[in-house]
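A quick note: this is a predicted structure, and the numbers were derived from the prediction, not measured. Below, chains carry the letters A, B, ... as their sequence lines are ordered, and counting in each starts from 1.
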Protein chains: 2
Amino acid sequence: MPNKHVKEMEALKEHLGKHQLKLTRQRELILSAFLRQEHITAEAMYHQLAKSDPHLGLATIYRTLNLFCDAGLAQARHFGTQTQYDNISHKGHHDHLICTDCGKIVEFENCDIERLQEEVATQNGFIIKTHRLELYGLCSRCRH
Amino acid sequence: MPNKHVKEMEALKEHLGKHQLKLTRQRELILSAFLRQEHITAEAMYHQLAKSDPHLGLATIYRTLNLFCDAGLAQARHFGTQTQYDNISHKGHHDHLICTDCGKIVEFENCDIERLQEEVATQNGFIIKTHRLELYGLCSRCRH
DNA sequence: ATTGAAATTGATAAGCTGTCTCAAAATGAT
DNA sequence: ATCATTTTGAGACAGCTTATCAATTTCAAT
Ligand SMILES: [Mn+2]
Ligand SMILES: [Mn+2]
Ligand SMILES: [Zn+2]
Ligand SMILES: [Zn+2]
């Protein structure tokens, strides 16, 4: 576990402590791998980790990534067919631009859009809990 | 087929003609049922139509609703677990507010948001083809 | 109206992603 | 060190949608 992931490790431990959950070798391992990327699917991580840990089960990966979501370190996104687990440990809320050709994902944040969303909700008597904004198109390289 | 659905029927016929597809009793039937609602799942329509047509297959419903998507009459949305087929025949693009408590869905359109989306895309070198904006929360009734 | 190539249908098998089950192993409070 | 509790791994299972394929229907050309 690299030194730079200490803060996230602490956050996980705090969540575990609050919910009578245990810290296992697998959870440490998966956290370390997870924090190295921005978005990853359970299967992709399964294959990635199989090289060093051939007996790590896919179910454990799913369970652990979902645990990270509960702990506020990850967020599940549904860009394509498989769930992408988004690393939100060191950044706040954000939305995505997705290239339908090469799969490139760009994260962005736009306060004006967020404010207008609240406005729309208020006009309709809603109180927003979460939202999902995804822009699909072609990135600069795939456009040509 | 009610008289008021003639325009959509024509749109479907045009799509069929352009793609060497045939007009069948099932397609007419499913179109008629589809146009009576704003959003519906394939299974919901299956059960709805089973009352009058017990032999209409679920696969045919799926195939036909996907055909409507190709023809521009419908749009597939993924609010929950099942695909919702959105009737866009008589309205343009729109986004949704969804109550997580009672499932109520409100459609809205906000040009300012759309414009800001284009801005974000341009800043990142993207050209938007489609987008998805969903606001999840509590409606006025479920808030209390 | 009849023909016949091509498309469609219905029943069901299969596919895909993700969760559940459960015996064995690991954890950690005492 | 003990031992109740949690976790793991392997595979079964579940939910939703698409693929398969023989039988039927459509429709353009007689
Ligand atoms: Mn992200
Ligand atoms: Mn709609
Ligand atoms: Zn691209
Ligand atoms: Zn509600």
Side-chain angles (χ1 to χ4, degrees), chain A residues 1 9 12-31 33-34 39-71 74-86, chain B residues 1 9 12-31 33-34 39-71 74-86:
Chain A
M1 183 78 42
M9 188 68 228
L12 176 60
K13 278 182 184 168
E14 190 175 323
H15 179 84
L16 296 177
K18 279 184 187 162
H19 295 80
Q20 308 173 252
L21 303 175
K22 295 175 176 177
L23 181 62
T24 63
R25 190 181 64 80
Q26 288 87 340
R27 284 174 178 170
E28 286 193 87
L29 193 68
I30 294 169
L31 178 60
F34 175 67
H39 310 92
I40 193 162
T41 65
E43 293 229 30
M45 178 166 288
Y46 178 63
H47 289 116
Q48 210 175 88
L49 295 182
K51 292 164 193 161
S52 46
D53 269 65
H55 291 296
L56 218 168
L58 180 57
T60 300
I61 310 247
Y62 271 110
R63 280 188 293 236
T64 306
L65 290 174
N66 287 338
L67 169 69
F68 294 169
C69 290
D70 294 342
Q75 207 156 62
R77 311 263 187 193
H78 302 86
F79 298 151
T81 54
Q82 288 185 248
T83 301
Q84 297 270 347
Y85 289 88
D86 191 344
Chain B
M1 184 76 43
M9 188 69 228
L12 175 60
K13 278 183 183 165
E14 188 175 325
H15 178 83
L16 296 177
K18 279 184 187 161
H19 296 81
Q20 307 173 254
L21 303 175
K22 294 174 178 177
L23 180 61
T24 64
R25 190 180 64 80
Q26 289 87 340
R27 285 175 176 169
E28 287 192 87
L29 194 67
I30 294 169
L31 178 61
F34 176 67
H39 309 94
I40 193 163
T41 65
E43 293 229 30
M45 178 165 288
Y46 178 63
H47 289 116
Q48 210 175 87
L49 294 182
K51 293 164 193 161
S52 48
D53 268 66
H55 292 296
L56 218 166
L58 180 58
T60 300
I61 310 249
Y62 271 108
R63 280 187 294 236
T64 306
L65 290 174
N66 288 337
L67 168 70
F68 294 168
C69 290
D70 295 341
Q75 208 157 62
R77 312 263 187 193
H78 301 88
F79 298 148
T81 54
Q82 288 185 249
T83 301
Q84 296 269 348
Y85 291 86
D86 191 345

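- Counting only heavy atoms from C-beta on, B:Arg27 has its side chain closest to C:dT8 among C:dA11, C:dG18, C:dT8.
- In this structure, B:Asp53 reaches neither bases nor backbone, as no heavy-atom distance under 4.0 Å exists between it and the strands shown.
- Contact between the side-chain N/O atoms of B:Thr81 and the OP1/OP2 oxygens of D:dG15 is not found at any separation under 4.0 Å.
- The CE-P distance, from A:Met45 to C:dG18, rounds to 14 Å in whole Å.
- Between the side chain of A:Lys22 and the base of C:dA26, no donor-acceptor pair of N or O atoms lies under 3.5 Å.
- Comparing B:Gln82 and B:Ala59 against DNA chain D, the residue whose closest nucleotide sits nearer the 5' end is B:Gln82.
- Distance CG (A:Leu16) to P (C:dA26): 19 Å, rounded to an integer number of Å.
- The residue B:Leu21 sits close only to the backbone: its heavy atoms come under 4.0 Å of sugar-phosphate atoms, none of a base.
- Here the side chain of B:Thr83 is nearest to one of C:dT12, D:dT17, D:dA10, namely D:dT17.
- Atom P of nucleotide D:dT6 and atom NE2 of A:His15 are separated by 14 Å, given to the nearest angstrom.
- The distance between atom CD of B:Glu43 and atom C1' of D:dT18, rounded to the nearest whole Å, is 14 Å.
- Here the side chain of B:Tyr62 is nearest to one of C:dT17, D:dG9, D:dT17, namely D:dT17.
- Of the possible donor and acceptor atoms, one in the side chain of A:Arg27 sits under 3.5 Å from a partner among the backbone N and O of A:Lys22.
- Atom CD1 of residue A:Ile30 and atom CD1 of residue A:Ile61 lie 4.5 Å apart, to the nearest 0.5 angstrom.
- A:Asn66 has no side-chain polar atom (N or O) that falls below the 4.0 Å cut-off from OP1 or OP2 of C:dG18.
- A sub-4.0 Å separation between OP1 or OP2 of D:dA10 and a side-chain N or O of A:His55 is present.
- Rounded to a whole Å, the CD atom of A:Glu28 is 13 Å from the C1' atom of C:dA26.
- Within the 4.0 Å cut-off from OP1 or OP2 of D:dA28, not a single side-chain nitrogen or oxygen of B:Gln20 is found.
- To the nearest 0.5 angstrom, A:Gln84 atom CD is 10.5 Å from A:Arg77 atom CZ.
- Going from atom CG of B:Leu12 over to atom C1' of C:dT8 covers 14 Å, rounded to whole Å.
- When rounded to the nearest whole Å, the span between CG of A:Leu65 and C1' of D:dT8 equals 15 Å.
- Below the 3.5 angstrom threshold, one finds a donor paired with an acceptor across the side chain of A:Arg63 and the base of D:dG9.
- One interatomic measurement links the two molecules: OH of B:Tyr46 to C1' of C:dT9, which rounds to 13 Å at whole-angstrom precision.
- Under the 30°/60° scheme for interplanar angles, the aromatic rings of B:Phe68 and B:Phe34 are found to be tilted.
- Salt bridge status for A:Asp70 with A:Lys18: absent, with no side-chain N to carboxylate O gap under 4.0 Å.
- Residue order along DNA chain D, read from the 5' end via each residue's closest nucleotide, puts A:Arg25 first among B:Thr41 and A:Arg25.
- Contact annotation: B:Thr24 side-chain N/O to C:dT8 OP1/OP2 distance is not under 4.0 Å.
- B:Gln26 places none of its side-chain heavy atoms less than 4.5 Å from the side chain of B:Asp53.
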